[in-house]
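Here's the structure we're looking at; comments come further down.
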Amino acid sequence: MIDSILHYTSGLLLLLGCFFMLTGAVGLLRFPNFYARMHAAGITDTLATLLVISGLMLTAGWSLALFKLALIMLFIFFTSPTASHALARSAQLSTLKLTYVPAERTQEKDQQAQSRMGSKPGSDIEVETTDGSSV
Amino acid sequence: MELLLDIALLALLLVTAISIAWIKDLFAAAMLAGIYGLLSAGFFMTMGAVDVAFTEAAVGAGISPLLILLTLALCGRYQRPDRNRARLATALVITVGALLISATTDMPFFGDANAPAHVHVAPHYIHQSMSEIGIPNIVTSVLASYRGFDTFGEVVVIFTAGLGVLSLLMETSAQPGRAIVHTQVEQQSRDIVLRVVAKVLIAPIMLYALYVQFHGEYGPGGGFQAGVIFAVGFILYSMVFGLDAARRVASHGLVQVLSATGVLIFGCTGLLSFASGKNFLDYSALAGNSVTGQHIGIIVIELGVGITVASVMIMIAYLFTGQLRNREAELATDRHQEIPAGAPARSTSTMHSLEQGAG
Amino acid sequence: MLLTSHYNYWVVIALMMIGLYMVIAQGNLVKKIIGLNIFQTSVFIFYISVGKVDGGHAPILTEGESLYSNPLPHVLILTAIVVGIATTALALALTIRIKRAYGSIEERDIQAAEELQERASSQMYARTPARKEQ
């Protein structure tokens, strides 16, 4: 009884992990600018990896493999968000800068927002590149 | 099921290789090369080659993209498209590929247990390894004992590559009128997240390297993987806290001495066997009992391999990062002072103007 | 049937040819080095595919397993991977020095710079006897 519960829970966790990884990949391809893409990839990447490793831990049973998987999960829990942070910070310090546009100006920008690259209509954050390359 | 995994991984590898050939942004090509290394590590795992997968993941997805990125930071990010030789090269490549494919029709089926590769020396290794050498990991026993000469050659090759990089990239110290300005170049990363996480992670990385080093006889691991992981800890420290901080921990001279020490340890083990009247690198001469001698020999040479690989990787990373820092310092001082036309410190080049643009 | 048994070898040949194409046809030195890496890794995949035994366990002696994959190709490829990274590091160091000497890592620029230098040095040698006569 307990075995089949563990089996199905582990299968569910693995499926959820794959689903989040897939949505992260779709977001990576479809989002308009660098920071949105990285947000999609970074968050879903960490979550999906943790879910997959938890699913594997449930199948491993009480063994050395369980302990090693727990250590791997802890390591990825530390490093994956740090990697996203490092990526975003280096983009901010180089040519892709996030700029804050104050609220009064967003109405006038609503009309032109469709043609401008990198910002959605009505948003107050915009990505501008200082060397003319694409976002 | 395994076949499906095999087909999927190889198809992904093919797609990645084609996109690397196509892309003109070398930064993206370096990242794709890292993905290529990781995918091939996954493929090696499905083939049951766990040691090889470990090494490929550490080297192909870790050190190799790092070195390519450091080179790109010095050499320029974009590639100029060149159409001249594309047609001739494509024709040649298609011809050679077709010839090779026609040659594979004679090859044994993939996974066949009666293929010629599995019937000569491999059964001896698999069946006699436990009784002659006494460690469970057959790959380590073959690597360290049965084929010890190859491993010795490999360690000397790594040492020679380290020597080569050292002779090419060692900083020339005496340059008149050009004081390297350190204060203008950002050394330590000011970001608190990176600093704290790096501090927390470096000790587990070193511990893991030691674990892999000494556990290589019972599971996947060994000297090479451990050396690379140990070097990665130091490289992380030098990236986050600056090259000078890393040099204070492991100075340039220490790293050079250590890289030679590893090769010496390996060679002296062989010479010890010589001195006892047996063959070079015959570990049974190291102790009374033959199996104990093998154990001692394997531990000592894996230590030598680990020391050399770690110190050579650290040395190469130091040299590349030192070049990067020198170039940033040069650019910083150039912005502050006008250089006279016949500056003696700059090497002469006829395409000098390209250097400003391609950086 | 030939497809599933020889699929590995054909993909290896395709990867090898892509790597060879990059070494021959691309002008940028770093791209050539990456192509060489792809070539090397395809050879590793070939050896490991040859070493695989259907139903074989990884070559670490464990209780209850009787059929193991061939450990010899694993050893050879372990050495080859490390030698590959040593070669790549040396090649990249050479690229950095070439960049410093010629200002560019595109093959055409380097060849043009070499020709200019050769023409300049040959002109220098042609001028010297005239000066001595004066």
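In what follows, chains are A, B, ... by sequence order, proteins preceding strands, each numbered from 1.
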| query | Do the side chain of Glu154(B) and the main chain of Val83(C) share a donor and acceptor less than 3.5 angstrom apart? | reply | no
| query | Of the backbone (N, CA, C, O) and the side chain (C-beta and beyond), which part of Thr151(B) lies under 4.5 Å from a heavy atom of chain C, both, or neither? | reply | neither
| said: What part of Ala58(B) gets within 4.5 angstrom of chain C, counting heavy atoms only: side chain, backbone, both, or neither? | reply: neither
| request: Grab the two heavy atoms, one from Tyr68(C) and one from Ile126(B), that are nearest each other, plus how far apart they are. | output: CD1-CG2, 3.7 Å
| query | Relative to chain C, which segment of Leu13(B) carries a heavy atom at a distance below 4.5 Å: side chain, backbone, both, or neither? | reply | both
| Proximal component of Ile18(B), with respect to chain C [non-hydrogen, under 4.5 Å] | both
| message | Can you confirm whether Val52(B) sits close enough to Phe44(C) that some side-chain heavy atom of one is under 4.5 Å from a side-chain heavy atom of the other? | response | no
| message | Would the distance check show the side chain of Lys52(C) and the main-chain N or O of Ala49(B) forming a donor-acceptor pair, the cut-off being under 3.5 Å? | response | no
| message | Can you tell me which of Ile77(C), Leu29(C), Ile45(C) forms the most heavy-atom pairs within a distance under 4.5 Å of chain B? | response | Ile45(C)
| query | For Glu106(C), is it the side chain, the backbone, both, or neither that has a heavy atom closer than 4.5 Å to a heavy atom of chain B? | reply | side chain
| query | Does His6(C) reach the main-chain N or O of Thr104(B) with its side chain, forming a donor-acceptor pair under 3.5 Å? | reply | yes
| message | Among residues at least two apart in sequence or on other chains, which ones pass side chain to side chain contact (heavy atoms under 4.5 Å, CB included) with Ala30(B)? | response | Ile68(B), Leu69(B), Leu72(B)
| said: So, using side-chain hydrogen bond (donor to acceptor under 3.5 Å, both in side chains) as the criterion, who are the partners of Ser69(C) when residues are at least two apart? | reply: none
| said: Which atoms of Met17(C) are under 4.5 Å from chain B, going by heavy atoms: the side chain, the backbone, both sets, or neither? | reply: both
| Any side-chain heavy atom of Thr79(C) sitting closer than 4.5 Å to one from Leu143(B)? | yes
| task | Name the region of Leu92(B), side chain, backbone, both or neither, that has any atom closer than 4.5 Å to a heavy atom of chain C. | result | side chain
| message | Do Tyr146(B) and Leu72(C) make a side-chain contact, defined as non-hydrogen atoms from C-beta onward lying under 4.5 Å apart? | response | no
| chain C contact via Met45(B) - side chain, backbone, both or neither, heavy atoms under 4.5 Å | neither
| task | Check the surroundings of atom CD in Glu65(C): do more than 12 heavy atoms from other residues, nucleotides or ligands lie under 6.0 Å from it? | result | yes
| said: Counting heavy-atom pairs closer than 4.5 Å to chain B, which one of Ser42(C), Ala58(C), Ala120(C) comes out on top? | reply: Ala58(C)
